[in-house]
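Please read the structure below before turning to the comments.
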Amino acid sequence: MPGFEIFGDEEKKEVADVLETGVLFRYGFEGVRNGHFKALEFEKKLCEITGAKYSHLCSSGTAALCTALTACGIGAGDEVIVPGFTFVATFEAIINVGAIPVFSEIDETLCLNPDRLEDVITSKTRAVVPVHMCGAMARIDEIKIFCDKKGLILIEDACQSLGASYQGKALGTFGTSGCFSFDAVKTVTCGEGGGIITDDKDVYEKADQFADHGHDHLGGPDRGADDHPIIGTNYRISELNAAVGLAQLNKLDQILSTQRKNKLAIKDAMADLPGVSFRYIPDAKGDSATFLSFFLPTQERARQIAKNLADNKVGCPYWYDNNWHYYKKWHHLKEMKRSAKLAVELADNLRDYTNIVLKESDNIMKRTISMQIMLSWSKQDIENRIQAIIKSFKG
Ligand SMILES: *Cc1c(COP(=O)(O)O)cnc(C)c1O
């Protein structure tokens with residue numbers, strides 16, 4: 001999964017370009033930047049890779065989510081449907097734009113279940129944010145059909161799934177907007193960074209403005225001459241971060257092919273292990289292969305196997321117990337703990353989060369183990385890992 005495993009001369013070269021000019025700012029300074037526009041180049045490349053018309057790079061995946069929500073017109077009091085299995089950033093972004101997260105069930109894709117969306121829809125529902133978890137897709141075509149039918153805005157959290165696709169179409173391009181993270185542990189890293197993509201010119205312009213204090217970027221070389229059509233904030237990325245990301249993005253094909261090869265070797269070796277079944281991936285060819293996720297028949301067995309794997313030094317996330325990725329441990333959200341009053345608390349339709357229960361998600365997550373697929377594994381590492389996995393199933 002992590003692009004940081006393959007840092008090399010390419011990253012150093014891109015960063016050196018920036019350091020040589022001393023222009024760390026993505027805008028302006030035309031006379032002294034020696035033609036280097038790393039953020040802009042990254043955005044072009046991201047459009048090429050995903051097939052999206054527009055992209056905007058910002059300071060984090062969380063900032064990208066806030067930017068996409070705002071640019072799509074989601075704000076105070078709007079309800080946004082999200083899964084209970086994701087990284088906390090997804091609901092943080094919703095809360096931070098004043099909207100209300102409404103949690104819904106996942107299915108065996110480990111992503112939002114399109115069949116259960118109807119159950120949580122209300123007159124305040126404005127958007128659905130499926131999360132393409134662990135490198136692969138939700139049943140995104142069905143989710144899109146549902147959103148279109150109900151007049152809801154679809155925004156994809158594809159932060160963990162750069163390079164993945166469904167039937168040849170990049171994840172992140174099904175919704176009005178898609179979001180990616182380029183943080184330190186993602187498939188491609190800027191150190192810190194995130195990006196939104198969209199085919200909608202108005203959404204793009206709003207995103208571009210919002211993430212830079214509302215600047216319309218039409219004032220020419222003098223930033224002070226820009227107009228400010230909307231109130232924004234500062235979610236800008238620096239050229240240094242963009243430069244690292246640009247080198248990484250150029251390695252995406254290599255990253256994906258290595259991940260797919262490594263994943264396949266492990267998956268094949270596990271196919272006949274007793275009680276193991278694999279996560280449902282609607283289009284296996286489009287899997288970015290950052291993780292191999294599998295199910296055991298019961299919670300007890302899953303816990304035993306997770307323990308055996310750890311004992312045999314091939315420990316894997318057991319998300320059901322995880323502090324950051326599963327709603328069960330989100331005590332801060334449940335109790336609405338915060339350092340100051342949130343806009344969302346003024347909404348008359350704010351939910352009581354103290355007793356969220358997602359029964360079907362629990363039934364799946366209790367039995368799920370995910371193995372992270374690394375880029376740096378040698379043939380021997382993979383062979384050793386397979387032996388350790390087989391051993392773990394004997395206990
Ligand atoms: C990493 C991640 C984010 C947030 O990205 P940051 O760049 O760390 O802010 C959002 N959603 C998901 C699913 C993620 O994994």
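Values reported hereafter were calculated over all heavy atoms of this structure, with side chains retained and with hydrogens, waters and symmetry mates removed. First listed ligand is number 1; within each ligand, the first listed atom is number 1.
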### Message
For Lys337, give me all partners under side-chain hydrogen bond (donor to acceptor under 3.5 Å, both in side chains), at least two apart in sequence or on another chain.
### Response
Glu335
### Query
Tell me, which protein residue and heavy-atom name are nearest atom 9 (O) of ligand 1, and how many Å apart are they?
Thr62 OG1, 2.5 Å
### Query
Does ligand 1 have any atom that is closer than 4.0 Å to a heavy atom of Gly193?
yes
### Query
Looking just at side-chain N and O atoms, do Thr109 and Asp107 make a donor-acceptor pair shorter than 3.5 Å?
yes
### Task
Can you sort out which atoms of ligand 1 are near Ala89, meaning under 4.0 Å from one of its heavy atoms?
3 (C), 4 (C), 10 (C)
### Summary
Atoms of ligand 1 under 4.0 Å from any heavy atom of Cys159, numbered from 1 in the order shown, are 2 (C), 3 (C), 10 (C), 11 (N), 12 (C), 14 (C)
### Message
Go through it in stages, so that I can follow the logic: the residues are Ile196 and Ser55, the test is side-chain contact (heavy atoms from CB on, under 4.5 Å), and I'd like the CA-CA distance, side-chain angles, deciding distance and then a yes or no.
### Response
CA-CA 5 Å; Ile196 72 122; Ser55 82; over 6 Å; no
### Task
Just need the protein heavy atom nearest to atom 8 (O) of ligand 1, so name the residue and atom and give the distance.
Asp183 OD2, 2.6 Å
### Task
Please report which non-hydrogen protein atom sits nearest to atom 5 (O) of ligand 1, along with the residue it belongs to and the distance in Å to one decimal place.
Ser181 OG, 3.2 Å
### Query
Is the distance between the ring centroids of Tyr353 and Trp330 less than 6.0 Å?
no
### Query
When the ring centroid of Tyr320 is compared with that of Tyr326, is the distance short of 6.0 Å?
yes
### Shortest protein heavy-atom distance from atom 11 (N) of ligand 1, along with the residue and atom involved
Asp157 OD2, 2.8 Å
### Gap between atom CG of Leu246 and atom CD of Glu14 - 0.5 Å precision
4.5 Å
### Message
Please classify the Val131 to ligand 1 contact at 4.0 Å (heavy-atom distances, strictly less than): side chain, backbone, both or neither.
### Response
side chain
### Query
What are the atoms of ligand 1, with element, lying closer than 4.0 Å to any heavy atom of Phe87?
2 (C), 3 (C), 12 (C), 14 (C), 15 (O)
#### Entry: ligand 1-proximal atoms of Lys186, by part, heavy-atom distance under 4.0 Å
side chain
### Message
Against the six-membered ring of Phe180, is Lys186 placed for a cation-pi contact (under 6.0 Å from the centre, within 45° of the normal)?
### Response
no
### Message
Side chain, backbone, both or neither: which applies to Ser60 and ligand 1 if a contact is any heavy-atom pair less than 4.0 Å apart?
### Response
both
### Message
Is it the case that atom CG in Asp148 sees more than 12 heavy atoms from other parts of the structure closer than 6.0 Å?
### Response
yes
### Summary
The atoms of ligand 1 lying under 4.0 Å from a heavy atom of Thr86, numbered in the order shown, are 13 (C)
### Query
Under 3.5 Å between some N or O of ligand 1 and some N or O of Gly61?
yes
### Query
With a distance cut-off below 6.0 Å to the six-membered ring centre and an angular limit of 45° from the axis, does Lys53 pair with Tyr204 as a cation-pi contact?
no
